[in-house]
Amino acid sequence: MAAAQPKPPAGATARRLARGCWSALWDYETPKVIVSIKVHNATCLSDADCVTGELNMLGNGLRTGRCVPYYQGPSKTCEVFGWCPVEDGASVSQFLGTMAPNFTILIKNSIHYPKFHFSKGNIADRTDGYLKRCTFHEASDLYCPIFKLGFIVEKAGESFAELAYKGGVIGVIINWDCDLDLPASECNPKYSFRRLDPKHVPASSGYNFRFAKYYKINGTTTRTLIKAYGIRIDVIVHGQAGKFSLIPTIINLATALTSVGVGSFLCDWILLTFMNKNKVYSHKKFDKVCTPSRPSGSWPVTLAHVLGQAPPQPSHCSEDQHPSPPSGQEGQQGAECGPAFPPLRPCPISAPSEQITPASEPAPQASIPTDPKGLAQL
């Protein structure tokens with residue numbers, strides 16, 4: 001016999017509101033059933049067209065091997081074992097589209113953030129019978145989670161009359177985004193609504209289910225098969241919470257500074273400014289360039305020469321000599337002037353040392369500057 005499909009469990013996050021049904025009494029004592037001609041490949045001309053034991057998924061049962069006349073007209077169909085009569089779309093409908101929008105449902109929800117030891121629910125903590133006389137309103141009654149069915153469908157952007165006819169699935173999304181540095185009263189739920197089933201796909205739109213009730217009448221086993229169309233409510237909860245903490249802030253800040261190259265600059269500045277042995281770090285990090293010995297007042301000019309940015313210096317000429325002629329006229333003058341400064345020479349290369357020891361002996365070369373800080377400090 002063709003067994004009735006069981007009623008699906010409601011689950012913890014779903015509720016069903018049936019809008020109507022069709023039902024029929026089927027006689028168990030009459031197992032041989034004539035299949036509707038609307039079923040594909042159900043019509044036949046002789047018994048040879050009906051294979052015994054063959055199962056058609058839409059044919060309501062196993063075929064008996066007989067080709068019998070249909071209830072009406074000259075057509076014939078294959079006989080099957082099953083409940084009588086077969087499902088043919090006839091229904092006793094109870095349309096609830098006029099009163100169902102005023103049905104109310106209560107949605108209880110609570111959240112808990114164990115890391116911050118914070119919990120909260122969506123129902124007001126009141127003892128004056130507040131829930132008996134309120135319905136949800138986003139501004140005035142946020143903590144009264146009693147929703148009218150028509151309100152939910154309207155917020156989802158659907159027509160209740162159209163949705164109630166074939167059923168549908170509506171999602172109620174509750175979002176808890178909380179800044180726990182603020183008072184707990186600032187952590188409030190936000191509700192949104194949307195339709196979850198694809199209404200433009202006929203094969204998967206709508207919502208319905210079947211269930212059967214079995215009993216006996218005058219010793220005959222019968223059943224009532226109910227196909228219920230309804231609106232299913234799925235409750236979906238999202239949430240996140242945050243709170244300021246010093247240690248993650250320092251780690252994130254250091255990571256950000258390192259990623260843009262500021263970290264090395266800060267380290268050099270700290271070592272060269274606040275460390276006791278900043279001269280040792282400076283000697284290891286920078287190279288020195290030796291220049292001719294000049295008075296202390298000529299250091300800017302000497303540094304400009306080292307960097308190659310100083311203007312040309314005048315020549316030292318005797319009293320009876322004239323300055324050098326312009327370019328291209330060198331051969332017309334016999335006198336030549338010498339350069340104002342001797343050419344620069346590189347410093348001797350020596351193995352680095354761990355610490356600079358103040359020199360007690362006179363400098364081996366007269367070209368080493370007397371400035372104790374050296375060019376490295378410049």
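Of the inter-residue distances, the one linking R66 atom CZ with C44 atom SG reads 10.5 Å to the nearest 0.5 angstrom. Summarising the geometry, atom CD1 belonging to I152 is positioned 15.0 Å from atom CZ belonging to R194; distances are rounded to the nearest 0.5 Å. Between N208 atom CG and I226 atom CD1 the span is 13.5 Å, to the nearest 0.5 Å.
Among pairs with a residue in residues 98-165, those fulfilling disulfide (SG to SG under 2.5 Å) read C134-C144, at least two apart in sequence or across chains. For residues 214-262, no residue pair satisfies the disulfide (SG to SG under 2.5 Å) rule, not counting sequence neighbours. Note on residues 177-259: pairs passing disulfide (SG to SG under 2.5 Å), not counting sequence neighbours, are C178-C187. Here disulfide (SG to SG under 2.5 Å) pairs that include residues 219-248, with residues two or more places apart or in two chains, number zero. Applying the side chain to side chain donor-acceptor pair (under 3.5 Å) rule to pairs touching residues 178-189 yields Y143-N188, sequence neighbours excluded.
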Problem set entry | Verdict with reasoning, N109 to W176, per side chain to side chain donor-acceptor pair (under 3.5 Å) | CA-CA 11 Å; N109 174 240; W176 295 82; 2.9 Å; yes
For this session: Apply side chain to side chain contact (heavy atoms under 4.5 Å, CB included) to T77 and E79, showing your working.
Result: CA-CA 6 Å; T77 60; E79 186 183 55; over 6 Å; no
Problem set entry | Evaluation steps, side chain to side chain contact (heavy atoms under 4.5 Å, CB included), between T52 and L62 | CA-CA 8 Å; T52 303; L62 297 175; over 6 Å; no
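Ion pair K190/E138 not flagged as a salt bridge, since none of the NZ, NE, NH1 or NH2 atoms sits closer than 4.0 Å to an Asp/Glu carboxylate oxygen. At a threshold of 4.0 Å, the pair K199-D197 does not count as salt-bridged, since none of the basic side-chain nitrogens sits closer than that to a carboxylate oxygen.
Using a distance-only test at 3.5 Å, with no hydrogens or angles considered, no donor-acceptor pair links the side chain of D47 to the main chain of C78. Between the T104 side chain and the F147 main chain, no donor and acceptor come within less than 3.5 Å of each other. Under a 3.5 Å cut-off, the side chain of K120 and the backbone N or O of A184 do form a donor-acceptor pair.
Note on V237 and F136: same hydrophobic cluster, where clusters join Ile, Leu, Val, Met, Phe, Trp and Tyr whose side-chain heavy atoms are under 4.5 Å apart, directly or indirectly. A single hydrophobic cluster is seen to contain both I174 and V153, as judged by linkage of ILVMFWY side chains at heavy-atom distances under 4.5 Å, directly or through other members. Under the 4.5 Å side-chain heavy-atom criterion for grouping Ile, Leu, Val, Met, Phe, Trp and Tyr, F193 is connected to L149 within one hydrophobic cluster. Linking ILVMFWY residues whenever their side-chain heavy atoms come closer than 4.5 Å, directly or via other members, places L142 and V235 in the same cluster.
Every residue two or more places apart in sequence or in another chain was checked for a side-chain hydrogen bond (donor to acceptor under 3.5 Å, both in side chains) with E162, and none qualifies. Legend: residues meeting side chain to side chain contact (heavy atoms under 4.5 Å, CB included) with D128, ordered by chain and number and at least two apart, are R126, Y130, R133. In terms of the side chain to side chain contact (heavy atoms under 4.5 Å, CB included) criterion, residue partners of K108 (sequence neighbours excluded) are, by chain and number, L106, I123. Listed by chain and residue number, H112 satisfy the side-chain hydrogen bond (donor to acceptor under 3.5 Å, both in side chains) test with S119 (two or more places apart in sequence, or in another chain). Every residue meeting the side chain to side chain contact (heavy atoms under 4.5 Å, CB included) condition with Q240, not counting sequence neighbours, appears here in chain and number order: D177.
For the residue pair Y191 / N175, no side-chain donor-acceptor distance below 3.5 Å is found, with atom types taken as modelled. In this structure, a donor-acceptor pair under 3.5 Å is absent between the side chains of K213 and Y215.
Between I170 and I231 there is a side-chain heavy-atom pair separated by less than 4.5 Å. A 4.5 Å side-chain heavy-atom check between V169 and D234 finds at least one atom pair inside the cut-off. Looking at S205 and P198, their side chains never come closer than 4.5 Å, going by heavy atoms from C-beta outward. Counting heavy atoms from C-beta on, the side chains of Y70 and T43 never come closer than 4.5 Å. At a threshold of 4.5 Å between non-hydrogen side-chain atoms, the residues L163 and R195 count as touching.
Of all heavy-atom pairs spanning F116 and A241, the tightest one is CE1-O, 3.8 Å. When all heavy atoms of R63 and V51 are compared, the closest pair comes out as CB-O, 3.5 Å. Minimum heavy-atom separation, K76 to C67: CB-SG, 3.6 Å.
Annotation for L246: hydrophobic cluster partners, listed by chain and number, are I250 (ILVMFWY side-chain heavy atoms under 4.5 Å, direct or chained). Residue W269 shares its hydrophobic cluster (ILVMFWY side chains chained together at separations under 4.5 Å) with I270, F274.
Environment of CD in E154: sparse, with no more than 12 heavy atoms of neighbouring residues, nucleotides or ligands closer than 6.0 Å. The number of heavy-atom neighbours closer than 6.0 Å to CG of L55, taken from other residues, nucleotides and ligands shown, is above 12.
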